[in-house]
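Beneath this line is the structure, given in structure tokens, with notes to follow.
Per chain, numbering begins at 1; letters A, B, ... match sequence-line order.
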Amino acid sequence: MNTNRSAKIYLERTIITTFLIVVLSLVFLSQSVLAITAEEIINKRDENEYIESARIEAKMIITNSGREMTKEMISISKDENAFVEFTNPRDRGTKYLKKEDNLWMFFPDAEDVVKISGHMMNQGMMGSDFSYQDIMESTKMTELYNFELMGEEEYNNRICYILEATAVEGKEVSYYKRKIWIDKERFIALKEELYAQSGRLLKVSEVREVDEFEGRYYPVRTIMENKLRENTSTEFIVEKIEFNPEIDESIFTLENLQ
Amino acid sequence: MNKKLLITFSFLLIILLSLSASAEVEIGGEVGVDSNIIFNNNQSDFYLTENLNIKLFIPQTKSTEVKVDFELRNNQIGTNTTFKKLYIKREYNNFNISIGRQPVSWSFGSLINPVDFNFGAEIMDQSQSAKYIDAAKFYIPVNWKSGVEIVANPQLEIIDPELKKLNFKGTKTGIRARTMINDYDLSLNYVYDPFFNRKNNLGLSLKGDLGPLGLYSAVSYEKSIKQTIEDEKIYLLGLDYSKTINYDQRIYFQGEVINLSSTKVIEFAKTLLQSNIPDDFKSADKRYNLFAGNISYSINNFSSVNFFLLGNINDSSFALTPQYKNQLPGNIDLTISSTLATSKNNEFFSQENIPLSLNFNLNYSF
């Protein structure tokens, strides 16, 4: 009788122990599967936002204390090369060609093609808060910054990962540090704070609208607020975008620029 | 506004409205008013110019493009209409050709360009009327960064204005080969000018980066075929640099030194500053070193200040042109500028040779 009871207790304990081991293993496994690193997050963001080639029709609205200026453009890019043509009345016909590390500009009045000095790449393009680099380059963030996952936070009713990016030593970047809010579900950077090396907050970029294109999310309305000047911002609106279109290499030539 | 101008404006407006309504032709351009006060010998002269610039954007086919850009100016002298562009461009497999009134500009980024097809200055966005010529232009691309441009500019002279008789004077021709070597933009230009002492002009220009600086240089050699004038050599060396101060205020600097003969320096100063520099400064064996500099500073996204300085290193005299630009509400550009010389004495850029001027310009782009 006692032997039977002991056997029953032993069996019950074994079952409970096994169950606990299985549950703990599952919890542990699920934890390790779900734990995502900063690099994985930014890579997933790059899958959405990094452009290998595209044709974009966009608009920049520059606002300064109630005054407004609109610039419209068509941009064609492939790998390291980009071609931008402005279409708004004031700048109509002004074109830029970025081929590898060289930037060229076409002045429509005199139909001149002039090579722009390298130091201009970090300057604001056509008076905006976006630099030539911001507009004409799509670089993978992981090539320029080291990332650290700081936690999670709700932003505009969406759960976001918060990443802190610090420039890779030796890389030329417009902003030394970035704090990025990345949508946990869609892997889009919804907000970015851009800092100087001194730690001073320079600009804040907020995505106001995201669209889905053939399974990838892309920000189509972004506002870049200049924190150094009151009431100054540039809104970048993507009106039309075509990912990976057929692009003839002859687009990226000096002949096409003129 | 006089009657003639009103009729011309109305006529143009009717044509443009009917064009835009009937086809996909788009119209753009600028309308502006320019007032200029020149202070000279204790008196001041006031000049007012109204201008209308119309550009027609005609839909282009895969291989053919037509460009129309004309300007109507009205001032005390009268009304003047000029076509800046009226040409057709056609692309073929290995080259393209454009025929008609068109700009021919061989700029490479300098403030003063001694190796242009026609002498040109790129200062403060001044569009030089000399750039717009009647020509046939061939462009032969070699690869993405290299090409050869050949220009033929036939010139006519009016021999009888009443009978409208024209005489063919000759053809100015030029060839420009342009490529990039080690990220330096390099061009070799040759111009044969059968007019004004018949001369050959050979020019070389290059532009690239030297660390954080932009660096450019040009050499020009001009030889008169008839040997009526001395050979002319011009050397130019320039730098440009930009810096962001206080994180978002941009300052841009460009400066160049040009070594040239006294004949050329007078020609340059007359074109650049509309100066009255007398021929007394001409001397067969004298060479001048000019300094041209430009500093621009963006106050904010809508306004900027710009200082252009043209100086003579030999006698330290210089002329300064400060300029303020502001984009006013309603898409109107306001530009205020002035030109003032420093020296009172008998120096090159003296107040005597370059009178003080004040300029206000309002422009609207549409």
Side-chain angles (χ1 to χ4, degrees), chain A residues 62-70 81 87-93 97 99-102 104-105 107-124 126-129 131 174 196 198 200-203 226-229 232-234 249-250 252-258, chain B residues 28-30 55 57 67 69 84-85 91 96 102-109 120 122 125 127-128 131-132 139 141 143-147 178 180 183-185 207-209 211-216 240-244 246-250 252 298 300-302 304 327-329 331 333 365-366:
Chain A
I62 303 158
T63 312
N64 188 325
S65 307
R67 277 197 279 175
E68 211 175 86
M69 185 199 307
T70 303
N81 308 326
T87 54
N88 57 294
R90 182 191 301 274
D91 311 301
R92 192 168 180 158
L97 170 69
K99 181 101 175 177
E100 293 144 16
D101 287 331
N102 296 292
W104 299 79
M105 184 179 178
F107 296 85
D109 250 11
E111 302 189 1
D112 259 337
V113 171
V114 173
K115 188 177 185 291
I116 304 292
S117 301
H119 58 79
M120 293 297 288
M121 284 296 277
N122 287 325
Q123 303 289 358
M126 306 287 279
S128 74
D129 288 323
S131 68
S174 305
S198 64
R200 187 163 182 184
L201 177 61
L202 304 176
K203 288 171 189 170
N226 189 335
K227 298 311 270 185
L228 301 172
R229 291 177 184 166
T232 304
S233 65
T234 300
E249 280 300 319
S250 67
F252 309 113
T253 61
L254 292 185
E255 186 196 5
N256 183 54
L257 190 63
Q258 51 198 329
Chain B
E30 285 173 356
K55 294 178 176 86
F57 300 99
K67 286 210 173 167
D69 181 340
K84 286 164 81 180
K85 296 178 193 176
E91 284 176 28
N96 63 57
Q102 58 192 304
V104 173
S105 182
W106 290 351
S107 298
F108 61 96
E122 317 306 323
D125 307 325
S127 66
Q128 297 284 312
K131 284 183 187 287
Y132 302 98
Y139 182 79
N143 53 40
W144 80 264
K145 59 186 177 184
S146 315
R178 189 177 198 181
M180 209 162 65
D183 287 346
Y184 271 81
D185 172 29
K207 185 174 195 274
D209 292 326
L213 301 170
L215 173 77
Y216 57 90
D240 60 70
Y241 181 65
S242 64
K243 191 167 173 58
T244 305
N246 294 330
Y247 302 108
D248 77 332
Q249 284 161 320
R250 293 180 285 269
Y252 175 84
S298 61
N300 56 42
N301 304 95
F302 292 81
S304 62
Q327 190 186 322
L328 304 172
N331 207 23
D333 287 311
S365 302
F366 58 90

- Among B:E30, B:R178, B:K243, residue most engaged with chain A (heavy-atom pairs, under 4.5 Å): B:R178
- Query: Is any side-chain heavy atom of B:W144 less than 4.5 Å from a side-chain heavy atom of A:E249?
  - Reply: no
- Note on the structure: Separation between CZ (A:R229) and CG (B:N301), nearest 0.5 Å, reads 6.0 Å
- Query: Given the rule in the side-chain contact (heavy atoms from CB on, under 4.5 Å) test, do B:D333 and A:R90 qualify, once you have shown the distances and angles that lead to the verdict?
  - Reply: CA-CA 10 Å; B:D333 287 311; A:R90 182 191 301 274; 2.2 Å; yes
- Note on the structure: Between the NZ atom in B:K131 and the CG atom in A:D109, the distance rounded to the nearest 0.5 Å is 11.0 Å
- Message: What I'd like to find out is whether the side chain of A:E255 reaches to under 4.5 Å of the side chain of B:N96, using heavy atoms alone.
- Response: yes
- Side chain from CB out, backbone as N, CA, C, O: work out which of these in A:T70 comes under 4.5 Å of a heavy atom of chain B, or both, or neither. neither
- Message: Is A:Q258 close to chain B through its backbone or its side chain, or both, or neither, when contacts mean heavy atoms under 4.5 Å?
- Response: both
- Item | Part of A:L257 within contact of chain B (heavy atom distance under 4.5 Å) | neither
- Part of B:Y252 lying under 4.5 Å from any heavy atom of chain A: side chain
- Of the listed residues (B:E91, B:K207, B:Q102), which shares the most heavy-atom pairs with chain A below a 4.5 Å separation? B:K207
- A:I62 versus chain B, the contacting section by heavy-atom distance below 4.5 Å: both
- Checking B:K67 against chain A: side chain, backbone, both or neither under 4.5 Å from a heavy atom? side chain
- Item | Shortest non-hydrogen contact from B:P103 toward A:A110 | CB-O, 3.5 Å
- Item | Structural part of A:N102 lying under 4.5 Å from a heavy atom of chain B | side chain
- Option that, when pairs with chain B are counted at under 4.5 Å, heavy atom only, ranks first among A:T63, A:V113, A:L97, A:N88: A:V113
- Smallest heavy-atom separation, B:D209 atom then A:S117 atom, equals OD1-CA, 3.6 Å
- Message: Please rank A:E111, A:M120, A:E68 by heavy-atom pairs under 4.5 Å with chain B and give me the top one.
- Response: A:E111
- Item | Exercise: identify the closest heavy-atom pair between B:S107 and A:V114 | CB-CG2, 4.1 Å
- Message: Given 3.5 Å as the limit, does a donor-acceptor pair link the side chain of B:D185 with the main chain of A:K115, or not?
- Response: no
- chain A heavy atoms under 4.5 Å from B:F366: which part of the residue, side chain, backbone, both or neither? backbone
- Message: Let me confirm one number: the CE-CZ distance from A:M69 to B:F302, rounded to the nearest 0.5 Å.
- Response: 4.0 Å
- Query: Looking only at atom types and distance, does a side-chain atom of A:H119 sit under 3.5 Å from a main-chain N or O of B:P212, one as donor and one as acceptor?
  - Reply: no
- Note on the structure: The reported gap from CZ in A:R67 to CG in B:N300 (rounded to nearest 0.5 angstrom) is 6.0 Å
- Could you state the interatomic distance from NZ (B:K145) to CD (A:E100), rounded to the nearest 0.5 Å? 7.5 Å
- Rounded distance [0.5 Å steps], OG1 in A:T87 versus CZ in B:F57: 10.5 Å
- Under a 4.5 Å heavy-atom cut-off, does chain B meet the side chain of A:R92, its backbone, both or neither? side chain
